[in-house]
Amino acid sequence: MSTASLTSVFVRLKLSLLGNGLRRSSGRRAAYIVSMVFVLLFAALQLLGLLLLRGNEHAASLVVLLTGLLALGWAVLPLFFPSGDETLDPTRLVMLPLRPGPLVSALLVASLVGIGPLFTLCVVVGSVFALSHGAFALIVSVVAVPLTLLVCLALARAVAAANIRLLTSRKGRDLAVLSGLVVAVGIQFVNFGMQRLGDAGGLAALAPAASIVRWVPPASAIGAVDSASDGAYGATLAQLALSALALVLLLRAWRRSLTKLMTAPDGSTLAAASEPARKASSSGLHGLLPEGRTGAVMQRTLRYIWRDPKTKGAWVTALAIGLIVPIFNALQGTGSIYLACFAAGMLGMMMYNQFGQDTSAFWMVALTISSTRDAYAELRARALALLLITLPYMALVSVLTAATLGRWHDLPEVLGLSFALLGAMVASGAWASARFPYSIPQDSAYKNVAPGQGGLAWLSILGGMLMVALLCAPVIVLTIWLNAAAGSGTETQWLPLPVGTAYGALMAWAGVRLAAPQTARRLPEILTAVSKG
């Protein structure tokens, strides 16, 4: 088969995969259309903003750095979202009689189909329009736009092909749990950087970094347009040559990876099979857990947190955001010590939909629940496993926030409010788990609710949040009254700590106790709901 015919086949294959995916469900089709509209709207606004930069003396610094960040995104996103594009996995093609050379060309052209390449094209076109002045710069722009786009696509493909064995393994898929952490940290760093950029005098502060990035492909292609506008012909040719060389090297690296994947055996399972079976250990943390059902359920819950990709992803995201939000706001001088309670809110959400986290394996748990007492023991052990992580973490976040702001005298109030909030969320989470269970699909990294169960998820979360607000009201009112009452200085600010701790413990115990009979009574409905996905 010729390269041209193979390319057309792969383009049609990409379109077919996209169309068939949208036909699977109306929800997925609606989500894709909405996301496409938002991406195109954002791309149009980006394009308009870049066009308005035309003539600005610092426009080159901004667009060069923007292109560098865009290329970085193309390099790392396949590592965190390997299932976002089925054609990123070349191991699906190893049984076909295809040569690596034509396959590289076909996959590269097929990569142009999608929202990501369209967004990248809009940004790149806006960048060259903002910088091009003169006929020579316009000619360079005609070369720089496709060159930048192809380097971004080749970079993503080369990185994905080099790591595809890792990404398609069980442990490799765990890498996706870092995506929540990366996004959370990245957003805060961008926010922090934008504020510092405003304090440093605007776009002029970008010039030192841009002077380096403009020689790094594919940003060097955009830098070539700026050099052409300034009449620096030697620099223009050198920067274009750097991007072209990068494209050639990436295509060669991609081809070598494809050759290895299509000819070398996969020894990932052989190494795992040769390892001696590890005996269950009772040392370490597991040795400190209580005996009986409580310890067994706690151990199972903790193993889910460590081993299950979706559960681990939710925990990593909650832990990261719970720390980042109060600390970064404190560092920026705009935060409040009461933002430390955000950690309790994020981690308390882990108590919701407890049985849905087990998916279809919940039937084995259901076999051990024959009475309200069994249901109470199950829910209590799950809550204790949650508290084992959240209590010290919340105390750490509160102490760090107080230290950053220098508000040590408010620390007892914050700890009391956090403990009360966590207790209320444990109570409402146990109740919502019994009343509104829903399945968490395991076949998709992006869906957290099975089709047709979105209403149950919303009822669980919104109903639980309303219950939390009502349950926490006494402690909140007490804290406000102590701060507002005349003569209530630091000598009474310690009172919310014991009150909030005792109140939170009481709420958690009462919530689990009230949810236990509902769990035992509704066990068949829960089993059906969580096994749906």
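What you see below is based on every heavy atom in this structure, not just the backbone, and it leaves out hydrogens, waters and symmetry mates.
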Closest heavy-atom contact between [X] and [Y]?
X      : Y      : value
Tyr393 : Gly322 : OH-C, 3.9 Å
Leu471 : Ala424 : CB-CB, 3.9 Å
Pro218 : Cys152 : CG-SG, 4.0 Å
Ala375 : Ala516 : CB-O, 3.4 Å
Lys14  : Ala110 : NZ-O, 3.4 Å
Trp315 : Leu347 : CZ3-CD2, 3.9 Å

In the structure I gave you, are the side-chain heavy atoms of [X] and [Y] within less than 4.5 Å of one another anywhere?
X      : Y      : value
Leu411 : Val399 : yes
Leu387 : Leu422 : yes
Leu482 : Trp494 : no
Leu417 : Pro496 : no
Met467 : Met465 : no
Leu40  : Leu118 : yes
Leu405 : Thr401 : yes
Ile305 : Met350 : no

Return yes if some donor-acceptor pair links the side-chain N/O of [X] with the main-chain N/O of [Y] below 3.5 Å, else return no.
X      : Y      : value
Arg382 : Thr301 : no
Ser433 : Met351 : yes
Tyr503 : Cys472 : no
Arg293 : Ala377 : no

Euclidean distance, [Y] [atom2] relative to [X] [atom1], rounded to 0.5 Å:
X      : Y      : atom1 : atom2 : value
Leu302 : Leu386 : CG    : CG    : 10.0 Å
Leu107 : Leu153 : CG    : CG    : 11.5 Å
Asp374 : Leu523 : CG    : CG    : 10.0 Å
Leu478 : Glu413 : CG    : CD    : 9.0 Å
Leu72  : Thr67  : CG    : OG1   : 12.5 Å
Trp254 : Thr259 : CH2   : OG1   : 12.0 Å

**Study point:** Steps toward side-chain hydrogen bond (donor to acceptor under 3.5 Å, both in side chains) verdict (Thr519, Tyr376)
**Key:** CA-CA 8 Å; Thr519 302; Tyr376 172 72; over 6 Å; no
Point to revise | Derivation of the side chain to side chain contact (heavy atoms under 4.5 Å, CB included) call for Arg380 and Leu384 | key: CA-CA 6 Å; Arg380 182 186 61 185; Leu384 289 175; 4.2 Å; yes
**Study point:** Trp408 atom CH2, neighbour heavy-atom count above 12 within 6.0 Å
**Key:**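 Yes.
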**Study point:** Trace of the side chain to side chain contact (heavy atoms under 4.5 Å, CB included) decision for Leu70 with Phe119
**Key:** CA-CA 10 Å; Leu70 199 62; Phe119 175 79; 4.1 Å; yes
Check your understanding: So Leu66 and Gln46, side chain to side chain contact (heavy atoms under 4.5 Å, CB included) or not? Walk me through it.
Key -> CA-CA 11 Å; Leu66 180 62; Gln46 287 277 92; 4.3 Å; yes
Exercise for review: Using the six-membered ring wherever Trp is involved, compare the ring planes of Phe362 and Phe355 and label them parallel, tilted or perpendicular (cut-offs 30° and 60°).
Suggested key: tilted
Check your understanding: Quick one: do Glu378 and Arg300 make a salt bridge, cutoff under 4.0 Å?
Key -> yes
Review point. When Val325 is tested against each of Ile321, Leu323, Ile327 for side-chain contact (heavy atoms from CB on, under 4.5 Å), which residue passes?
Key: Ile321
Exercise for review: Show your working on side chain to side chain contact (heavy atoms under 4.5 Å, CB included) between Leu497 and Phe419 and close with a plain yes or no.
Suggested key: CA-CA 8 Å; Leu497 178 56; Phe419 292 150; 4.1 Å; yes
